[in-house]
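Everything numeric here is computed off the predicted structure, so don't read it as measured data. Whatever order the structure lists ligands and atoms in, that order sets their numbers, starting from 1.
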Amino acid sequence: MWTIFRKRLALPIPLRNQSYQRHLIPSTFCRCFSELSHWKDVKPDETPFEILKQYTSVPLEKYHVFLPPKESLVKSSDLFSKRNEYIVHKGAIHPDKLPDTKELEVALLGQSNVGKSSLIQALYNHNEALRIKTSKKPGHTKVIKIYSYPKNFSLVDMPGFGENMPKYFEECVENYCVMRRQLTRLLLLIDAEQGITDIDNIALDMLEEFNRPYVIVLTKIDKCHISQLIRTIINVQERIKMTLHCSFQQPFLVSSKQDLGLHHLRCFIAYVTGCISIRNL
Ligand SMILES: Nc1nc2c(ncn2[C@@H]2O[C@H](COP(=O)(O)OP(=O)(O)OP(=O)(O)O)[C@@H](O)[C@H]2O)c(=O)[nH]1
């Protein structure tokens with residue numbers, strides 16, 4: 001399937017141009033240009049959406065539908081803080097070589113260097129015992145690796161697509177996504193600054209074809225201008241509304257470097273893997 005997508009990548013893809021995006025940006029965004037200091041005072045239970053509200057008259061609340069109560073946020077964050085209880089399983093290229101674990105899995109998919117390994121490390125509270133290697137060089141992750149919190153859930157790191165994508169990507173990642181019984185959600189990571197790129201569009205087509213539920217996560221928001229971030233959110237939201245049927249309606253916003261948006265993503269993961277229940281959600 002990726003071979004077909006690769007061929008398509010060589011063709012010009014319409015509607016992915018700046019003028020379309022500009023059309024979506026109201027002039028009020030001009031005053032949104034600001035520096036990174038705005039992120040520094042974010043409280044752990046606040047989402048970046050709440051911070052962004054101050055900078056735009058666009059009703060961003062409609063993009064923010066996962067609103068768990070504080071006690072659920074605390075409960076799920078506690079789950080991710082069990083420092084010595086995680087198991088790192090031996091990585092594998094072929095999904096049939098992966099251990100047949102009992103926990104439901106949430107797997108991270110995205111371009112090389114988008115921040116998949118860093119996000120797993122950050123979600124697990126930068127737990128040093130896990131020692132997840134990250135690198136500036138794209139294509140560092142070569143195998144599928146499962147990080148389990150026994151009797152609860154697993155997070156799954158996978159090779160990225162795009163730059164330095166391994167030749168065996170299809171038999172590895174694609175087969176995992178199609179065949180893995182434990183897989184309950186895919187997180188498609190997209191760099192907030194770049195927005196949806198051509199190769200992300202190919203991944204989105206692929207996910208729609210798999211017909212499995214997935215969630216878009218915008219990464220590295222700490223290094224993205226607020227105006228650009230709002231532009232990406234609106235663009236992603238438009239895509240979800242117009243053409244994506246298997247995507248959760250809200251994109252999540254995270255920074256692994258500055259620990260932004262992690263509480264809500266942890267809570268979502270705990271919720272979809274059945275580790276917590278949330279009333280009136
Ligand atoms: N500023 C910033 N940098 C980040 C963030 N997350 C990751 N990075 C950096 O981005 C680079 C790539 O991160 P990785 O976590 O290795 O990315 P990956 O998607 O696992 O990469 P591959 O192994 O190539 O698939 C590293 O240099 C990280 O330090 C973030 O939230 N903010």
Side-chain angles (χ1 to χ4, degrees), residues 2 34-40 42 44 46-49 51-52 80 88 91-93 105-128 130-147 154-174 176-177 186-197 199-200 202-204 206-207 214-226 228-229 232-233 236 251-266 269:
W2 274 86
S34 42
E35 295 308 319
L36 310 176
S37 58
H38 295 283
W39 299 115
K40 285 190 180 138
V42 184
E46 268 182 329
T47 71
F49 275 105
I51 308 302
L52 287 173
F80 281 83
V88 185
I93 288 176
E105 293 172 0
V106 172
L108 281 72
L109 180 72
Q111 288 196 46
S112 329
N113 227 17
V114 74
K116 298 177 290 298
S117 310
S118 306
L119 182 57
I120 294 181
Q121 185 83 70
L123 285 169
Y124 282 137
N125 278 302
H126 303 278
N127 186 340
E128 278 162 25
L130 288 174
R131 275 192 225 101
I132 305 174
K133 286 196 186 136
T134 63
S135 169
K136 279 195 180 125
K137 195 167 164 252
H140 180 77
T141 312
K142 299 288 183 215
V143 294
I144 303 175
K145 209 147 187 189
I146 302 176
Y147 300 88
S154 298
L155 296 184
V156 183
D157 201 3
M158 300 198 283
F161 51 83
E163 212 178 333
N164 295 334
M165 168 169 143
K167 285 198 184 71
Y168 49 79
F169 185 88
E170 286 150 75
E171 56 194 280
C172 174
V173 176
E174 192 175 322
Y176 170 87
C177 295
L186 279 155
L187 305 185
L188 176 66
L189 273 56
I190 292 178
D191 188 309
E193 201 167 34
Q194 290 175 19
I196 304 178
T197 61
I199 193 142
D200 291 326
I202 294 170
L204 284 168
M206 183 184 81
L207 289 173
Y214 65 93
V215 183
I216 296 178
V217 178
L218 301 177
T219 62
K220 306 190 187 182
I221 62 166
D222 59 285
K223 60 182 199 116
C224 183
H225 265 291
I226 287 176
Q228 178 56 45
L229 181 55
T232 303
I233 295 169
V236 166
F252 281 79
L253 318 177
V254 297
S255 160
S256 308
K257 276 268 158 78
Q258 291 197 22
D259 286 352
L260 300 170
L262 299 180
H263 283 276
H264 280 73
L265 187 56
R266 286 186 190 114
I269 291 169

Of all heavy-atom pairs between [X] and [Y], which one has the smallest distance, and what is that distance?
X: Val114; Y: Ile190; value: CG2-C, 3.8 Å
X: Phe252; Y: His264; value: CE2-O, 3.8 Å
X: Gly261; Y: Pro48; value: CA-CD, 3.7 Å
X: Gly91; Y: Val143; value: CA-CG2, 3.9 Å

Relative to atom 10 (O) of ligand 1, which among Met158, Lys136, Lys220 owns the nearest non-hydrogen atom? Lys220
Among Asp259, Asn113, Ile221, Ile120, closest by any non-hydrogen atom to atom 22 (P) of ligand 1: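 Closest candidate by heavy-atom distance is Asn113.
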Does Asn113 reach the main-chain N or O of Lys136 with its side chain, forming a donor-acceptor pair under 3.5 Å?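 Flag set: sc Asn113 to bb Lys136 pair under 3.5 Å.
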Proximal ligand 1 atoms for [X], defined as those under 4.0 Å from one of its heavy atoms:
X: His140; answer: 22 (P), 23 (O), 24 (O)
X: Lys116; answer: 15 (O), 17 (O), 18 (P), 19 (O), 20 (O), 25 (O)
X: Gly160; answer: 25 (O)
X: Ser112; answer: 24 (O), 25 (O)

[X], portion touching ligand 1 at heavy-atom distance under 4.0 Å:
X: Ser117; value: both
X: Asp222; value: side chain
X: Lys223; value: side chain
X: Ser118; value: both

Residues Leu109, Leu207; criterion side chain to side chain contact (heavy atoms under 4.5 Å, CB included); working and verdict: CA-CA 10 Å; Leu109 180 72; Leu207 289 173; 3.8 Å; yes
Residue pair Leu262, Phe80: steps toward the side chain to side chain contact (heavy atoms under 4.5 Å, CB included) verdict: CA-CA 11 Å; Leu262 299 180; Phe80 281 83; over 6 Å; no
Identity and distance of the protein heavy atom lying nearest [atom]:
atom: atom 17 (O) of ligand 1; value: Gly115 N, 3.2 Å
atom: atom 23 (O) of ligand 1; value: Thr141 OG1, 2.6 Å
atom: atom 29 (O) of ligand 1; value: Lys257 NZ, 3.3 Å
atom: atom 26 (C) of ligand 1; value: Ser135 O, 3.5 Å

Candidate list Ser112, Ser117, Ser135, test side chain to side chain donor-acceptor pair (under 3.5 Å), partner Thr141, passing option: Ser117
What about [X]: any of its N or O atoms under 3.5 Å from an N or O on ligand 1?
X: Pro138; value: no
X: Val114; value: yes
X: Ser256; value: yes
X: Lys133; value: no

Touching ligand 1 at all, Gly139? Heavy atoms, strictly under 4.0 Å?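 So Gly139 counts as touching ligand 1.
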Please confirm whether Thr219 approaches ligand 1 to less than 4.0 Å, judged on its heavy atoms.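 Judged by the 4.0 Å heavy-atom criterion, Thr219 does not count as contacting ligand 1.
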Is there a donor in the side chain of Gln111 and an acceptor in the side chain of Thr197, or the other way round, less than 3.5 Å apart?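 The criterion, which ignores hydrogens and geometry beyond distance, is satisfied for Thr197 and Gln111.
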Can Leu52 and Leu253 be said to form a side chain to side chain contact (heavy atoms under 4.5 Å, CB included), step by step? CA-CA 11 Å; Leu52 287 173; Leu253 318 177; 3.9 Å; yes
Run the numbers on Thr134 and His140 for side chain to side chain contact (heavy atoms under 4.5 Å, CB included), then give the verdict. CA-CA 7 Å; Thr134 63; His140 180 77; over 6 Å; no
Would you please classify the geometry between the Phe169 ring and the Phe161 ring as parallel, tilted or perpendicular, with 30° and 60° separating the classes?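 Phe161 vs Phe169 ring planes: perpendicular.
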